[in-house]
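Beneath this line is the structure, given in C-alpha cells, with notes to follow.
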Amino acid sequence: MLSVREIKEILRRERITISKRRGQNFLVDGEIRRRIIQAIDIKPEDEILEIGPGLGALTEDLAQAAAKVFAIEKDIGLARILGAKLFEYRNLNVITNDILQVEFEKLTPGKLKVVGNLPYYITTPIIAYLLEKERSHVKDVFITVQYEVGKRIVAQKNSRDYASLSVFAQYFTAARILFSIPKRAFYPQPKVDSVVMHLQILKQPAVAVKQQEQFFKIVRSCFNQRRKTIANSLTQRLDKQDKLTVQQILTQQGINLRARAEDLSLQDFADIERALSKKEGFRL
Ligand code: SAM
C-alpha cells in the first residue's frame with residue numbers, strides 16, 4: 001500500500017494536485033485496507049464495481065480476488081496512473097467517468113458488488129443513484145462514508161439521526177455499520193471520521209407501498225419540517241374541506257395526527273401513503 005511519502009511523490013511527478021472539490025482522501029492504513037477487503041468477502045466469480053479508486057488503495061486486492069473489476073474514476077490523471085500501474089490485471093477495467101453517468105447494465109449482465117470509499121461531496125447522490133436507478137444490477141454495496149451519514153442511514157425511529165435518508169436506505173436495503181475508520185487513516189486527513197457500511201439490496205422493498213414516488217415525497221415532506229406534526233406537513237397546501245378529508249382518512253387508518261416524522265416507522269409511512277392514495281387527486 002502506498003505511503004504518504006509515495007503518494008506525494010507520485011502526485012508531484014505527475015503534476016497532479018489533490019482536489020478537495022472531488023473529495024480526494026487516499027487510504028494509507030494497511031490494517032484498515034485488510035479489514036475492508038475481508039468484509040467484502042470476495043468470491044472468485046464476483047464482479048466488482050469500484051467507485052473512485054483513486055491511486056488504487058483497494059483496487060489491486062479486488063483485482064486479485066474477483067472475476068472482474070470495473071474501477072470508475074472521474075479524475076483523468078488518477079485514472080491514467082492507476083491504469084498504468086495495474087496494467088497486468090486483464091480482469092481490471094479502469095474507466096474514466098462520473099459514477100453518476102455509468103449505466104451498469106452496459107458493463108455486465110450480472111449483478112455487481114459495489115465497493116467504494118466515497119467522495120464525501122456526493123455521498124447522498126451516489127447512494128440515491130445506486131438504490132433508485134441501478135439497484136437491479138447490484139447485490140451488495142460496501143461503502144465508506146462519513147460517520148454522520150452512516151449513523152443516519154441505520155437510524156431507527158425516535159432517534160435524533162432518523163431522517164429521510166434512513167427511510168430511503170432501509171426501504172431498499174438491509175443496512176449495517178461494519179466498523180469505523182479514524183481520519184488519520186487517510187491522506188490528506190478529512191475533518192471527520194468515517195464508517196464502512198454494508199448495504200445488502202433486499203429482494204423486495206422493506207414495506208409495501210402503492211406508488212413509490214409518492215411514498216418518498218411524503219417521507220421528504222414530513223422530514224423537511226420535522227418539528228411540525230405530520231397532519232400539518234401533509235395538509236398545508238389543501239383547502240379546509242380537503243384537509244378534513246385527509247385527516248379523516250389518516251385517522252381511520254389508525255395514524256396519530258399529532259405524530260412527527262421521527263415518531264414514524266417505515267411501516268407507518270407506508271400505511272400513510274396507502275391511505276392517502278385512496279383520496280382522489282391527493283398530491284403533495
Ligand atoms: N479509493 C481511494 C482510496 O481509498 O484511497 C480514493 C478515495 S477518495 C475519498 C474518492 C475518489 O473518488 C477520488 O479518487 C476522486 O477523484 C473520485 N471521484 C470523485 N468524484 C467522483 C465521481 N463523480 N465519479 C467517480 N469517481 C469520483
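Remember, it's 1-based here, ligands and their atoms both numbered in the order they're listed.
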message: Centre-to-centre under 6.0 Å for F70 and F104, is that the case here?
response: no
- request: Please find out if less than 6.0 Å separates the ring center of F216 from that of Y171.
  value: yes
Check the side chains of [Y] and [X] for a donor-acceptor pair under 3.5 angstrom, ignoring hydrogens and angles.
| X | Y | answer |
| --- | --- | --- |
| E6 | S3 | yes |
| Q200 | T173 | no |
| E60 | Y89 | yes |

query: Is N25 near ligand 1, meaning one of its heavy atoms is under 4.0 Å from it?
result: yes
For [X], take its heavy atoms, then give the atoms of ligand 1 lying under 4.0 Å from any of them.
| X | answer |
| --- | --- |
| L78 | 14 (O), 16 (O) |
| N97 | 24 (N), 25 (C) |
| P53 | 1 (N), 2 (C) |
| Q24 | 13 (C), 15 (C), 16 (O) |

Closest protein heavy atom to [atom], given as residue, atom name and distance to 0.1 Å:
| atom | value |
| --- | --- |
| atom 18 (N) of ligand 1 | P119 CG, 3.8 Å |
| atom 9 (C) of ligand 1 | G23 O, 3.1 Å |
| atom 15 (C) of ligand 1 | E73 OE2, 3.4 Å |
| atom 4 (O) of ligand 1 | N117 ND2, 2.9 Å |
| atom 23 (N) of ligand 1 | D98 OD1, 3.0 Å |

query: Do ligand 1 and I99 have nitrogen or oxygen atoms that lie under 3.5 Å from each other?
result: yes
- request: May I ask you to check whether L27 has an N/O atom sitting below 3.5 Å from an N/O atom of ligand 1?
  value: yes
Nearest-option assignment for [atom], heavy atoms, candidates [options]:
| atom | options | value |
| --- | --- | --- |
| atom 1 (N) of ligand 1 | G52, G77, S19 | G52 |
| atom 25 (C) of ligand 1 | I95, I76, V102, I72 | I72 |
| atom 26 (N) of ligand 1 | R21, K74, R22, Q101 | K74 |

statement: So for Y121 against ligand 1, with non-hydrogen atoms under 4.0 Å, the contacting part is side chain
message: Does the structure place the NZ or CZ of R35 under 6.0 Å from the centre of the six-membered ring of F179, at an angle of no more than 45° from the ring's axis?
response: yes
query: Applying the salt bridge (Lys or Arg N to Asp or Glu O under 4.0 Å) test to D46, which of K113, K111, K68 qualifies?
result: K113
- request: Before accepting this row, confirm whether a basic side-chain N of the pair R226/E262 lies closer than 4.0 Å to the acidic partner's carboxylate O.
  value: yes
task: For N232 and Q236, run side-chain hydrogen bond (donor to acceptor under 3.5 Å, both in side chains): C-alpha distance rounded to whole Å, both residues' side-chain angles, the deciding distance at 0.1 Å, then the answer.
output: CA-CA 6 Å; N232 275 337; Q236 61 185 352; over 6 Å; no
- request: Indicate the atoms forming the closest heavy-atom contact of N25 with F186, along with that distance.
  value: O-CD2, 3.7 Å
